[in-house]
Enquirer: 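The structure that follows is given in the form of structure tokens.
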Amino acid sequence: MSKLINHMKKEVSALTPSEILAFNQEIAEIPDIVKLTLGEPDFNTPDHVKAAAIRSIENNESHYTNSRGTIELRKAAANFLKQKYELDYKPESQILVTTGATEAIYSSLTAILNAGDTVIIPTLIFPLYIPVTMLNGAKPIFIDTSDDGFILSPAKLAAAIEANKDTIKAVVLNFPNNPTGVTYKRDDLEKLAAVIAKYDIFVISDEIYSELTYEGTHVSMGSILPEQTLVLNGVSKSHAMTGWRIGLLCGPADVITQIGKVHQFAITSATTNAQAAAQEAFENGMDDGQKMRGVYQTRRDLLLEGLAKAGFTCASPNGAFYLFAKIPATLNQDSWKFCYDLAKKAKVAVIPGASFGPGGEGYVRINYAASTEDLTKAIKRIQTYAAEQTVATAK
């Protein structure tokens, strides 16, 4: 061990590597396992988007772009957000192109947080918000939403803000939600906005799954409380472009300028030909996500029916491509032990609910961005496993 290890930043030393990635890597060694773990579309990037990237390479567009992203991409993104969600952002000053929504999370929290600040994080939540908050010397304030249909209630939000009003800096929203698939309606957001507007705090609204909303139209928090909201989006889920690493961070111009400093010092600029691909996606693939959405909805319904027969109950998923399933009472309620046992005995890999914060124990997240063949195979294996383990428990 290096003699310098004790001189590392204490917030870094206190962190542990991603449990989800570690679990996914470990169970990958099991032969014939069906992996319903990581949140990645199983579709390929549309051909017209790939062609735009190839043209960019052939045209020798291999140099740095403006740190905020090419103006052509920002204009295309602004139009996309306007047409889809009634968001009105100026491409020159209110949109930042990031290396995926992940970097948008990092840069925004790093720019706004001081040591000792607090961030309200309703759980269940995409776990990255927790370590990034801690890395900046701030403290997560969790609100367990599992008793409220996985929707943050205005009353609980108001109570949490008041209890931390001297330190509170931001509220995180993620919808459609990872891991539950639950989303917010306009009325839900307006009630939350009425609470937040009373305080000088940010809303970090992670809407990366906006195009995968199954019923009704996605409503952005940025259209309701624009002066306090930072909207995160991108092409990863809407256009099956996770590996291209293009995200968007949008908000008030002066705030985006400050966050842009962190972004610039961290990455300089996003990859040039990936930006060309994203521009094409926004300009000429505005409805590419709809084709995938229909397939996902069919898979969701298939999985819901199959899991119900195995004794699982699920949150009401109206977006993304996850089911958050309650483990039957007859089976092990420790989500980590359950998932390891399911992987070893049934050869089906899902993610423990405890990974997503308070309220997640006793649940598992199942990703249905997988082939119908794999999902059908997984359902049969889970049904057999649940029946056999229930009998074994009864004995």
Side-chain angles (χ1 to χ4, degrees), residues 18-21 23-24 35-43 100-106 108-109 119-133 140 142-146 148-152 171-184 188 203-214 218 220-221 231-242 245 247-248 289 292-293 296-297 299-300 303-304 314-326 335 339 349-361 363-370:
S18 170
E19 295 176 324
I20 293 175
L21 294 179
F23 174 76
N24 185 67
K35 290 175 65 178
L36 307 178
T37 48
L38 298 187
E40 182 168 34
D42 65 319
F43 292 92
T102 298
E103 191 246 311
I105 293 170
Y106 174 82
S108 58
L109 286 174
V119 177
I120 292 177
I121 301 179
T123 59
L124 304 153
I125 193 72
F126 177 52
L128 186 65
Y129 284 98
I130 301 169
V132 175
T133 295
F142 299 115
I143 301 179
D144 183 351
T145 65
S146 57
D148 301 303
F150 302 108
I151 292 289
L152 176 61
V171 177
V172 173
L173 295 177
N174 166 220
F175 64 100
N177 178 261
N178 174 8
T180 67
V182 172
T183 196
Y184 287 81
D188 299 320
V203 183
I204 298 177
S205 192
D206 184 345
E207 303 176 26
I208 192 67
Y209 292 97
S210 58
E211 280 297 280
L212 301 182
T213 300
Y214 300 125
H218 174 82
S220 175
M221 190 62 158
V231 173
L232 280 63
N233 214 309
V235 292
S236 292
K237 317 301 181 180
S238 58
H239 293 82
M241 294 175 67
T242 51
R245 309 312 299 136
L248 300 173
M292 293 181 276
R293 185 172 63 204
Y296 287 141
Q297 188 167 1
R299 292 174 180 174
R300 177 199 66 175
L303 196 54
L304 278 170
C314 299
S316 300
N318 191 38
F321 38 65
Y322 308 106
L323 289 184
F324 202 65
K326 183 72 181 72
S335 59
C339 287
V350 297
I351 298 295
S355 299
F356 302 97
E361 190 57 280
Y363 290 83
V364 294
R365 188 193 75 173
I366 305 175
N367 167 33
Y368 52 86

Enquirer: Applying side chain to side chain donor-acceptor pair (under 3.5 Å) to Tyr129 and Asn174, what does each step give before you reach the verdict?
Expert: CA-CA 10 Å; Tyr129 284 98; Asn174 166 220; over 6 Å; no
Enquirer: Determine the sole option in Thr133, Asp206, Ile105 for which the side chain to side chain contact (heavy atoms under 4.5 Å, CB included) test with Leu128 is passed.
Expert: Ile105
Enquirer: Quick one, Phe23 and Ser18 - any side-chain contact, counting heavy atoms below 4.5 Å?
Expert: no
Enquirer: Please report the shortest heavy-atom distance between Ala369 and Pro41, naming the atom on each side.
Expert: CB-CA, 4.0 Å
Enquirer: So, do Tyr363 and Phe356 sit near enough that their side-chain heavy atoms are less than 4.5 Å apart?
Expert: no
Enquirer: Once you measure the plane-to-plane angle for Tyr296 and Tyr368, does it fall in the parallel (<30°), tilted (30-60°) or perpendicular (>60°) bin?
Expert: perpendicular
Enquirer: Could you give me the CA-CA distance, side-chain angles and deciding distance for Leu323 and Arg300, then say whether side-chain contact (heavy atoms from CB on, under 4.5 Å) is met?
Expert: CA-CA 8 Å; Leu323 289 184; Arg300 177 199 66 175; 4.1 Å; yes
Enquirer: Measuring from atom CG of Asn318 to atom OH of Tyr214, what distance do you get when rounded to the nearest 0.5 angstrom?
Expert: 8.5 Å
Enquirer: Is a side-chain donor or acceptor of Asn233 paired with a backbone partner of Leu248 at a separation under 3.5 angstrom?
Expert: no
Enquirer: So which heavy atom on Pro179 is nearest to which on Asn177, and how close?
Expert: N-OD1, 3.1 Å
Enquirer: Within a strict 4.5 Å, meaning less than it, do heavy atoms of the Phe321 and Lys237 side chains meet?
Expert: yes
Enquirer: On a heavy-atom basis, which atom in Cys314 and which in Ala325 lie closest, and how many Å separate them?
Expert: SG-CB, 3.8 Å
Enquirer: Do Thr145 and Leu124 make a side-chain contact, defined as non-hydrogen atoms from C-beta onward lying under 4.5 Å apart?
Expert: no
Enquirer: Looking at CD1 of Ile208 and CG of Asn178, how far apart are the two atoms once the value is rounded to the nearest 0.5 Å?
Expert: 11.0 Å
Enquirer: Contact between Val172 and Phe126 at the side-chain level, heavy atoms closer than 4.5 Å - yes or no?
Expert: no
Enquirer: I want to check something: taking the side chain as every heavy atom from C-beta on, are Met292 and Glu211 in contact at a cut-off of under 4.5 Å?
Expert: no
Enquirer: Is any side-chain heavy atom of Tyr322 closer than 4.5 Å to a side-chain heavy atom of Thr180?
Expert: no
Enquirer: Could you measure the distance from the CD atom of Glu103 to the CG atom of Leu232? Nearest 0.5 Å is fine.
Expert: 10.0 Å
Enquirer: On a heavy-atom basis, which atom in Thr213 and which in Arg293 lie closest, and how many Å separate them?
Expert: O-CD, 3.1 Å
Enquirer: Run Tyr209 and His218 through ring pair (Phe, Tyr, Trp, His ring centres under 6.0 Å) and show every step you take.
Expert: CA-CA 9 Å; Tyr209 292 97; His218 174 82; over 10 Å; no
Enquirer: Quick one: does Arg365's side chain have a donor or acceptor within less than 3.5 Å of a partner on Thr37's backbone?
Expert: yes
Enquirer: Go through the steps for Tyr184 and Leu152 under the test side-chain contact (heavy atoms from CB on, under 4.5 Å), then give the verdict.
Expert: CA-CA 9 Å; Tyr184 287 81; Leu152 176 61; 3.3 Å; yes
Enquirer: Using the side chain to side chain contact (heavy atoms under 4.5 Å, CB included) rule, pick out the option among Leu173, Leu109, Val171 that qualifies with Ile204.
Expert: Leu109
Enquirer: Quick one: closest heavy-atom pair of Ala354 and Glu361, and the distance?
Expert: CB-OE2, 3.9 Å
Enquirer: Is there a donor-acceptor pair closer than 3.5 Å between any side-chain N or O of Asn367 and the backbone N or O of Leu38?
Expert: yes
Enquirer: Under a 4.5 Å cut-off applied to non-hydrogen side-chain atoms, are Ser236 and Arg245 in contact?
Expert: yes
Enquirer: List the atom of Pro176, the atom of Leu212, and the distance in Å for their closest heavy-atom pair.
Expert: CG-O, 4.2 Å
Enquirer: Measure the spacing between CZ of Phe142 and CD1 of Ile120 and express it to the nearest 0.5 Å.
Expert: 12.0 Å
